[in-house]
K.L.:
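Below: one structure in structure tokens.
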Amino acid sequence: MAHVQRHPLAAQAAEVLLARIRAGEWRLGHKLPGETTLAAQLGVGRSTLREAIRELAGKGVLESRQGAGVFVTALEVTEDWDTVLRRADIVTVIEARLAIEAEAAALAAQRRTPADLRAMWRALAARAEAGDAVDDLVDADTAFHRTVVTAAHNDVLTGMFDAFVPRLRHAMIDMLRLRPLPDERADHHAHEILLDAIRARDSAVATTASRTHLTSLKEAFT
């Protein structure tokens, strides 16, 4: 017969600490009271307190600094990135892409190399030859946008873009099957404008081109 498990004492202590942080008792960057004082306040042993601190440190809320103490590094537990994306609606994802790709386009215009340009031209040509299959068009379009982000030479931006791809791909395929692009040639030309701006090292035009294209995509979903 299965038995109900008691909530571990350390987990309860972690919840109390997190509640006090959320309530503003300790602000971001502030140091928690010493181990002896805090354990007494919570009514737990020091080993239990250490376990509670480790739990919150693993969630990014606290940080133990050797010889200095324990500090608040976040005011809330950070959710797993994949969980956030699964829950997000597609418009929210596109809005995030706007922020990422508009900045990436500007950086790409400043930092692109000849190899980056060749990769973008190849991806754009592949997009033009994708044919009528919606899956192929979406994959070719995504590949082109990734070459732009990669040309920014910022691993964080590239990682964020890659995290959006699975969530975006299925929604794009579903939408285009229901509502095909009204003018595929115009849409392709928008990509050419972006590439030309990056080639010309014109950050302002590259940013505008990226933002205009993704805004039109967002409007198609609303």
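From a predicted model like this one, the values you see are computed outputs, not experimental measurements.
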K.L.:
Does any N or O in the side chain of Thr73 come within less than 3.5 Å of the main-chain N or O of Gly60, such that one atom is a donor and the other an acceptor?
P.N.:
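Confirmed, Thr73 side chain pairs with Gly60 backbone.
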K.L.:
Taking all heavy atoms of Glu55 and all of Ala11, pick out the closest pair and write down the distance.
P.N.:
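That closest heavy-atom pairing would be OE1-CA, 3.6 Å.
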K.L.:
Using only atom types and a distance under 3.5 Å, with no angle test, would you say the side chain of Ser210 pairs donor to acceptor with the backbone of Ala206?
P.N.:
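Side chain of Ser210 to backbone of Ala206, a donor-acceptor pair under 3.5 Å: no, none is there.
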K.L.:
According to the interplanar angle, ranging from 0 to 90°, do the rings of His213 and His145 count as parallel (below 30°), tilted (30 to 60°) or perpendicular (above 60°)?
P.N.:
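Geometry flag for His145 against His213: parallel rings.
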K.L.:
Going by the ring pair (Phe, Tyr, Trp, His ring centres under 6.0 Å) test, which pairs reach into residues 23-71, not counting sequence neighbours?
P.N.:
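Every pair satisfying ring pair (Phe, Tyr, Trp, His ring centres under 6.0 Å) with a residue in residues 23-71: there are none.
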K.L.:
What are the two closest non-hydrogen atoms of Leu194 and Ala105, and how far apart are they?
P.N.:
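Where Leu194 meets Ala105 most closely, the heavy atoms are CD1-CB, 4.0 Å.
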K.L.:
Using the rule given for side-chain contact (heavy atoms from CB on, under 4.5 Å), can you reason through Glu101 versus Val149, listing the C-alpha separation, both sets of side-chain angles and the distance that settles it, and then say yes or no?
P.N.:
CA-CA 6 Å; Glu101 293 190 50; Val149 176; 4.1 Å; yes
K.L.:
Rounded to the nearest 0.5 Å, how far does CG of Leu195 lie from CG of Leu124?
P.N.:
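Between atom CG of Leu124 and atom CG of Leu195 there are 6.0 Å.
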K.L.:
With a 4.5 Å limit on heavy-atom distance, are the side chains of Arg122 and Thr147 in contact?
P.N.:
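Arg122 does not reach Thr147 side chain to side chain.
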K.L.:
Starting from Leu98, can I reach Phe144 by hopping between I/L/V/M/F/W/Y residues whose side chains sit under 4.5 Å apart?
P.N.:
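No, separate clusters.
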K.L.:
Given side-chain contact (heavy atoms from CB on, under 4.5 Å), test Val148 with Met120 step by step and report yes or no.
P.N.:
CA-CA 7 Å; Val148 173; Met120 280 184 266; 3.9 Å; yes
K.L.:
Can you confirm whether Ile94 sits close enough to Leu168 that some side-chain heavy atom of one is under 4.5 Å from a side-chain heavy atom of the other?
P.N.:
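When only atoms from C-beta onward are counted, Leu168 and Ile94 do touch, with a gap below 4.5 Å.
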K.L.:
Taking all non-hydrogen atoms of both residues, which atom of Leu75 and which atom of Arg22 are closest, and how far apart?
P.N.:
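Distance-wise, the nearest heavy atoms are O-CG, 3.7 Å.
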K.L.:
Report yes or no: does Arg111 contribute a side-chain atom to a donor-acceptor pair with the main-chain N or O of Ala152 at less than 3.5 Å?
P.N.:
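Present.
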K.L.:
Got Asp135 and Arg177 here, is their nearest side-chain heavy-atom distance under 4.5 Å?
P.N.:
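Asp135 vs Arg177: side chains touch.
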K.L.:
Please step through side-chain contact (heavy atoms from CB on, under 4.5 Å) for the pair Glu35 and Leu49, ending with a clear verdict.
P.N.:
CA-CA 8 Å; Glu35 191 176 90; Leu49 174 65; 3.7 Å; yes
K.L.:
According to a hydrophobic-cluster definition based on side-chain heavy atoms being under 4.5 Å apart (Ile, Leu, Val, Met, Phe, Trp, Tyr only), do Leu214 and Ile198 belong together?
P.N.:
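Result: no, two separate clusters.
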K.L.:
Please determine whether residues Leu117 and Val205 belong to a single hydrophobic cluster, defined as Ile, Leu, Val, Met, Phe, Trp and Tyr linked transitively by side-chain heavy-atom distances below 4.5 Å.
P.N.:
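Leu117 does not cluster with Val205.
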K.L.:
Linking I/L/V/M/F/W/Y whenever any side-chain heavy atoms sit under 4.5 Å apart, do Met160 and Met172 land together?
P.N.:
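Per the 4.5 Å side-chain linkage, Met160 and Met172 are co-clustered.
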K.L.:
Once you round to the nearest 0.5 Å, how far does CD of Gln110 lie from CG of Asp202?
P.N.:
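Gln110 atom CD to Asp202 atom CG measures 10.5 Å (nearest 0.5 Å).
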K.L.:
How long is the straight-line distance from CG of Asp141 back to CG of Asp136, given to the nearest 0.5 Å?
P.N.:
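Reported value, rounded in 0.5 Å steps: 12.5 Å.
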K.L.:
To check you understand the geometry: which heavy-atom pair defines the closest contact between Ala13 and Ala52, and what is its length?
P.N.:
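Closest heavy-atom pair between Ala13 and Ala52: CB-CB, 3.8 Å.
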K.L.:
Do the side-chain N and O atoms of Thr113 and Asp116 include a donor-acceptor pair separated by under 3.5 angstrom?
P.N.:
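Per modelled atom types, Thr113 and Asp116 side chains form a pair under 3.5 Å.
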K.L.:
With heavy-atom distances below 4.5 Å as the criterion, would you say the side chains of Phe161 and Thr142 are in contact?
P.N.:
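Yes. Closest side-chain heavy atoms under 4.5 Å.
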K.L.:
Measuring from atom CG of Leu137 to atom CZ of Arg127, what distance do you get when rounded to the nearest 0.5 angstrom?
P.N.:
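Going from the CG atom of Leu137 to the CZ atom of Arg127 covers 5.5 Å.
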K.L.:
Is there a side-chain contact between His153 and Leu107, using heavy atoms and a 4.5 Å cut-off?
P.N.:
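Side chain of His153 against side chain of Leu107, heavy atoms only: no contact under 4.5 Å found.
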K.L.:
Just by distance, do the side chain of Arg112 and the backbone of Arg201 share a donor-acceptor pair under 3.5 Å?
P.N.:
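Pair absent, no side-chain N/O of Arg112 close to backbone of Arg201.
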K.L.:
Pair Ile53, Ser64 - check side-chain contact (heavy atoms from CB on, under 4.5 Å), show working.
P.N.:
CA-CA 8 Å; Ile53 289 172; Ser64 295; 3.7 Å; yes
K.L.:
With a 4.5 Å limit on heavy-atom distance, are the side chains of Arg97 and Leu217 in contact?
P.N.:
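Yes, close enough: below the 4.5 Å cut-off.
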K.L.:
Please give me the minimum heavy-atom distance between Ile193 and Ala209, naming the atom from each residue.
P.N.:
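Closest approach of Ile193 to Ala209, heavy atoms only: CG2-CB, 4.0 Å.
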K.L.:
Is there a side-chain contact between Leu17 and Leu38 (heavy atoms, below 4.5 Å)?
P.N.:
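Yes, side chains in contact.
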K.L.:
Determine whether more than 12 heavy atoms belonging to other residues, nucleotides or ligands lie under 6.0 Å from atom CZ of Arg65.
P.N.:
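Counting neighbours around CZ of Arg65, more than 12 heavy atoms of other residues, nucleotides or ligands fall under 6.0 Å, so yes.
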K.L.:
Hey, what do you get for OG1 (Thr36) to CD (Gln41), rounding to the nearest 0.5 Å?
P.N.:
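The OG1 atom of Thr36 sits 11.0 Å away from the CD atom of Gln41.
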K.L.:
Could you check if a side-chain atom of Asp162 sits within less than 4.5 angstrom of a side-chain atom of Arg146, using non-hydrogen atoms only?
P.N.:
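Yes, side chains in contact.
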